[in-house]
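Working notes, structure below.
Every number for a ligand or one of its atoms is a count from 1 in the order of the listing. Computed from a prediction, not measured in an experiment: that's the story for all the values here.
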Amino acid sequence: MTASTDNASTAAKALAAAGDHDSARDVAALDGAARGVERKLAATRRGLVERLVYGPAPTLVELRSGAELAQRVAGSQRGIVDAALGALARGEAFTADAKLSSELRRTVAAEKAFGYTVPAGFGGAGASYGRLAAVEEALAANGLGPLAVEISGQLTIGAGSLLAYGDEQQQRTFLPLVAEGRPMAFGLTEVGVGVNAKKIQAYVEQQADGSYRLFAEGPANKLWITNAVHGGLIGIVARVGKDAPGIGLFIVELPGADVALDAAHDYEFRCEPSRVAAFVANFNSRLHFRNFPLPKGSRIPADGVEVLFYCLRMGRCMLAAMAAGYQRMLARDASHYARLRSGVGGPVIRHEVPRLNLGKILGGALQARSLAYLSLQQDADGVDLAGLRDLTKTAAACAGVESMLAAEHVLGGRAFHGGSRVNEARVNLHLFGVVEGEDDLILMGMVRDVTQRFVERYLSSLLGVIDGANQAPDGSKLPAEQRILRIAVGTVVREPVRSLSAVARLLAQSKFWHLVAWVIGNALADLVRLPLRLLPASAFGRYRALPAPLRGYARYAERKLRMLRWSYLGLSLFYQLELTRAQIPLQRLGKCMEHLVSMLAICQHAALGDETMRQVAALQAQLLQDKYRSLRLFSGLRAMQRTRRAVAAVGASLEAGRCSLIDDIEPQAFGHPWDEQAADKRRAP
Ligand SMILES: Cc1cc2nc3c(=O)[nH]c(=O)nc-3n(C[C@H](O)[C@H](O)[C@H](O)COP(=O)(O)OP(=O)(O)OC[C@H]3O[C@@H](n4cnc5c(N)ncnc54)[C@H](O)[C@@H]3O)c2cc1C
C-alpha cells in the first residue's frame with residue numbers, strides 16, 4: 001500500500017505531502033492493519049477520550065463503570081492466586097536459577113490459569129478479561145509478576161489470536177492445548193525489525209499440497225519471543241512469499257528439540273534463550289527456521305500485524321493490571337520498611353518526603369488499576385478503545401517506573417538486595433515502557449486517533465491546499481528545499497505568489513468555512529459555560545456524586561480535556577503540514593491527555609473505595625494536576641520551538657557522527673546484530 005492511494009489516512013497523506021515518503025508508506029501500511037481491527041471490533045460508540053475532548057461528555061455511569069467492574073471481580077481470582085502463593089510459600093515457585101518452576105506451572109494449570117479466558121467448550125475456565133485482570137494484579141502484587149507476565153501473554157496474544165481469528169479446526173486443535181498449560185507465544189519481532197512491524201522479512205513458501213515451508217534466518221530470526229519454548233505453540237508472523245506484500249500468521253507446534261539438517265531432516269530449527277535481562281524468570285527466545293515445515297491448515301486467515309494490533313488492546317489492559325499489582329507490592333514493602341526503620345530523627349515513615357514517595361507509589365497503583373478496569377469495561381460495552389487503551393498502557397508503565405524510583409528512595413540500599421521482590425521488579429517495570437508498544441510512539445498514535453475525525457472533517461482541506469502549493473506547473477512535486485510546509489508571515493514575504501494563491505484557494509473551500517463555523521460554535525459554547533465556573537463543583541449532580549475532596553479534580557480534568565480541542569487546533573494552525581514531523585508537541589499533547597484522563601479515572605474509581613483509597617486518590621490527582629500544569633502547549637509555543645530547534649541541531653550532529661562529548665569513545669557492539677554482513681566484527685556482549 002502506498003500513501004498516495006485514496007485509502008491512506010489523513011496522517012499518511014499529510015506525511016506524503018510533507019515529502020516524507022518513507023514514513024508515509026510505513027504509516028499507511030500500519031494504518032491498514034489498524035483499520036482491519038476497527039472493522040472486526042465494529043465498536044458501537046466513539047472512543048471515550050475523543051468524547052472527553054470533543055464531546056458529547058460521557059455520562060457518570062460510563063465513567064464509573066470501570067470501578068464497578070473492579071468491585072464485581074474482586075476476590076474472584078482466589079483459586080489461582082492461592083494455589084500460586086501456596087507454591088511460593090513452599091519454596092517451589094522458582095528454580096535455583098530464578099526461573100518459574102514447572103511445579104508452579106503445574107499447580108496453577110490445575111486451576112485452569114493458562115486457559116482462564118478460554119471458553120469452557122475448549123477446556124478453559126471461560127472467565128472474562130475483567131477477572132483475568134484481577135488475577136494478573138494479585139499475582140504481581142504478591143511477588144509472582146513473572147507468572148502474571150506468562151499468563152497474560154498466553155491469553156491475550158496467544159489464545160486471544162486463535163479465538164478471534166483462528167478457524168474452527170485451529171481452535172479445536174490448539175485451544176485445549178493452551179488451556180492445559182502448553183505455553184503459547186506470538187512471534188513477530190525479528191532481529192532486523194522492531195516497531196516497524198510491516199517490514200518483517202520472515203516468509204513462507206507454499207507447497208503443492210497446501211502446506212508451507214518457513215524461512216526466518218539470520219536477521220529474520222524471531223527475537224525476544226516471550227513464552228517460546230521447545231514443544232510449545234506459537235503464532236508466527238511471516239510474509240506469504242519471499243518479498244511479497246502480504247503478511248500472514250501461522251500457528252504451529254514447535255519441535256521438542258533443536259533440529260539440524262541431516263539425512264533425516266530437510267529443515268533446520270533452533271530455539272535458544274534470547275539472553276534478554278528482563279522477563280528473566282520467563283521463557284524468552286530467539287528462533288531460527290530454515291525450510292521449516294508448516295502443515296496445511298496452519299495459516300490463520302488474517303493479516304499477522306492486524307492480529308497483533310487486535311490482541312494488543314487486551315495486552316495493554318493486562319499490563320496495566322500487572323503494573324497496579326507491582327506497585328502495590330512496592331508500596332507494601334517500602335511502607336513496612338519505613339515503619340520499622342529509624343532514620344534521622346525517628347522512624348522514616350514520620351518524615352514528609354518518604355511519605356510523599358509512598359503516596360506516589362500508592363497513587364501509581366490506583367492510577368494503573370482504575371485505567372485498566374475502565375478500559376476493560378469500555379471494551380466489553382462495545383466502545384472504541386482507541387485512545388484509552390493507549391494512555392492506559394503509557395500511564396501504567398510510566399507510573400511503574402516512577403514508583404520504582406520512589407521505592408528506592410524509601411528503601412535505600414535494600415531496594416537493591418539480590419533476591420528481594422522489589423529488586424526483581426525493577427527490570428520488568430522498566431520493560432513495560434517498551435513492550436506492547438513503546439510509550440512515546442503510542443502516545444503520538446493516540447493523539448492521531450483521538451483527533452482523526454476532527455482532522456478529516458475540518459482540517460484536511462487546509463493540508464490539501466498546502467500540498468497544492470507544492471506542485472510545479474507540470475503537476476510534479478517541487479523539490480524538498482522549495483516546499484512550503486506552513487504558511488506564516490515569513491512564508492508570505494518569501495513566497496508571496498504561492499502563499500497568497502494558497503490562501504485564496506483555502507477561502508474558496510467549503511470545508512474551511514465549516515471550520516470557521518466550528519470555531520464560532522465552540523467558542524460560543526465555552527462562553528456560555530464560563531459563568532458556571534463561579535459555581536462550586538457540588539452544584540453539579542455529576543460531581544456531587546463524588547467524595548468532596550475529589551470533586552474539584554474531576555471537574556478540572558473534564559474542563560481541561562475539553563480545552564485540549566483548542567490546543568490541538570492551535571497546534572495544527574501553527575504547524576500545518578509541519579505537524580507531521582513535530583513529534584515533541586504531539587507527544588506533549590498526548591501526555592496532557594494521559595494526565596487528565598488519569599485524574600478523572602482515579603476520582604471515579606476511588607468514589608467506590610474506602611477512606612484510605614480516597615486519600616490516595618486526592619494525593620495522586622494533585623500530583624497529576626501539577627504534572628499537567630508543567631506541560632505548556634500553546635502557551636509555551638516559543639519555548640517549545642526553541643527546544644525543537646536545539647533538538648534538531650543536536651540530532652543533526654549525532655546523525656552525522658560528530659559530537660565532541662562522545663567522539664573519543666568506541667561504541668559497543670550490540671547483541672543480536674541485525675545486518676550480518678555489516679555487523680561489527682567484534683563479539684557482541
Ligand atoms: C523481554 C522482551 C519481550 C518481548 N516479547 C515479544 C514477543 O513475545 N513477541 C514479539 O513479537 N516481540 C516481543 N518483544 C519485542 C518488543 O515488542 C520490541 O522490543 C519492540 O517492538 C521494539 O522493537 P526494538 O526493540 O527492535 O526497537 P526498534 O524498532 O529498534 O526501535 C528503537 C526505538 O526507536 C523508536 N522509534 C522508531 N521509529 C520511530 C519514529 N518514527 N518516531 C519516534 N521513535 C521511533 C522506538 O519507539 C524505539 O524506542 C519483546 C521484547 C523484549 C525486550
Q) Going through the checks in order, is the side-chain hydrogen bond (donor to acceptor under 3.5 Å, both in side chains) test met by Asn221 and Arg286? A) CA-CA 7 Å; Asn221 276 181; Arg286 174 171 175 159; 2.8 Å; yes

Under 4.0 Å from [atom], do we find at least one protein heavy atom?
{"atom": "atom 12 (N) of ligand 1", "result": "yes"}
{"atom": "atom 32 (C) of ligand 1", "result": "no"}
{"atom": "atom 4 (C) of ligand 1", "result": "yes"}

Check ion pair [X]-[Y] (N to O, under 4.0 angstrom):
{"X": "Arg483", "Y": "Asp467", "result": "no"}
{"X": "Glu578", "Y": "Arg486", "result": "yes"}
{"X": "Arg316", "Y": "Glu436", "result": "no"}
{"X": "Lys198", "Y": "Glu306", "result": "no"}

Q.
On a heavy-atom basis, I'd like to know which of Phe283, Phe279, Trp224 is closest to atom 19 (O) of ligand 1.
A.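 It is Trp224 whose heavy atom sits nearest to atom 19 (O) of ligand 1.
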
Q) Among Thr226, Val434, Ile157, which one has a heavy atom closest to atom 20 (C) of ligand 1? A) Val434

Less than 3.5 Å between some nitrogen or oxygen of [X] and one of ligand 1, yes or no?
{"X": "Glu438", "result": "yes"}
{"X": "Ala278", "result": "no"}
{"X": "Thr189", "result": "yes"}

May I ask you to identify the nearest protein heavy atom to [atom], giving residue, atom name and distance to one decimal place in Å?
{"atom": "atom 36 (N) of ligand 1", "result": "Leu441 CD1, 4.2 Å"}
{"atom": "atom 53 (C) of ligand 1", "result": "Leu431 CD1, 3.6 Å"}
{"atom": "atom 26 (O) of ligand 1", "result": "Gly194 CA, 3.3 Å"}
{"atom": "atom 9 (N) of ligand 1", "result": "Phe186 O, 2.9 Å"}
{"atom": "atom 29 (O) of ligand 1", "result": "Val195 N, 2.8 Å"}

Q. Under 4.0 Å from ligand 1, counting heavy atoms only, is it the side chain of Gln583, its backbone, both or neither?
A. side chain

Q | Contact partition for Asn227 relative to ligand 1, non-hydrogen atoms under 4.0 Å | A | neither

Q: Sort out for me which residue in Val240, Leu308, Ile200, Val307 forms a side-chain contact (heavy atoms from CB on, under 4.5 Å) with Ile247.
A: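 Testing each of Val240, Leu308, Ile200, Val307 against Ile247, the sole residue satisfying side-chain contact (heavy atoms from CB on, under 4.5 Å) is Ile200.
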
Q: For Asn284, counting its heavy atoms only, list the atoms of ligand 1 lying under 4.0 Å from any of them.
A: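 With Asn284 as reference, the close atoms of ligand 1 come out as 1 (C), 2 (C), 3 (C).
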
Q) With a cut-off of 4.0 Å, which atoms of ligand 1 are near a heavy atom of Ile225? A)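 Numbered from 1, ligand 1 contributes 7 (C), 8 (O), 9 (N), 10 (C), 11 (O).
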
Q) Can you check whether Val204 reaches Phe292 side chain to side chain, under 4.5 Å on heavy atoms? A) no

Q: Evaluate the side-chain proximity of Tyr575 to Gln641: yes if any heavy-atom separation is below 4.5 Å, no if none is.
A: yes

Q: For the pair Arg426 (side chain) and Ala415 (backbone), establish whether a donor and an acceptor sit closer than 3.5 Å, ignoring hydrogens and angles.
A: yes

Q | Within 45° cone of Tyr165 ring axis and under 6.0 Å: Lys40 NZ or CZ | A | yes

Q) Is the distance between the ring centroids of Phe289 and Phe215 less than 6.0 Å? A)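 Distance test on ring centres: not under 6.0 Å, no.
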
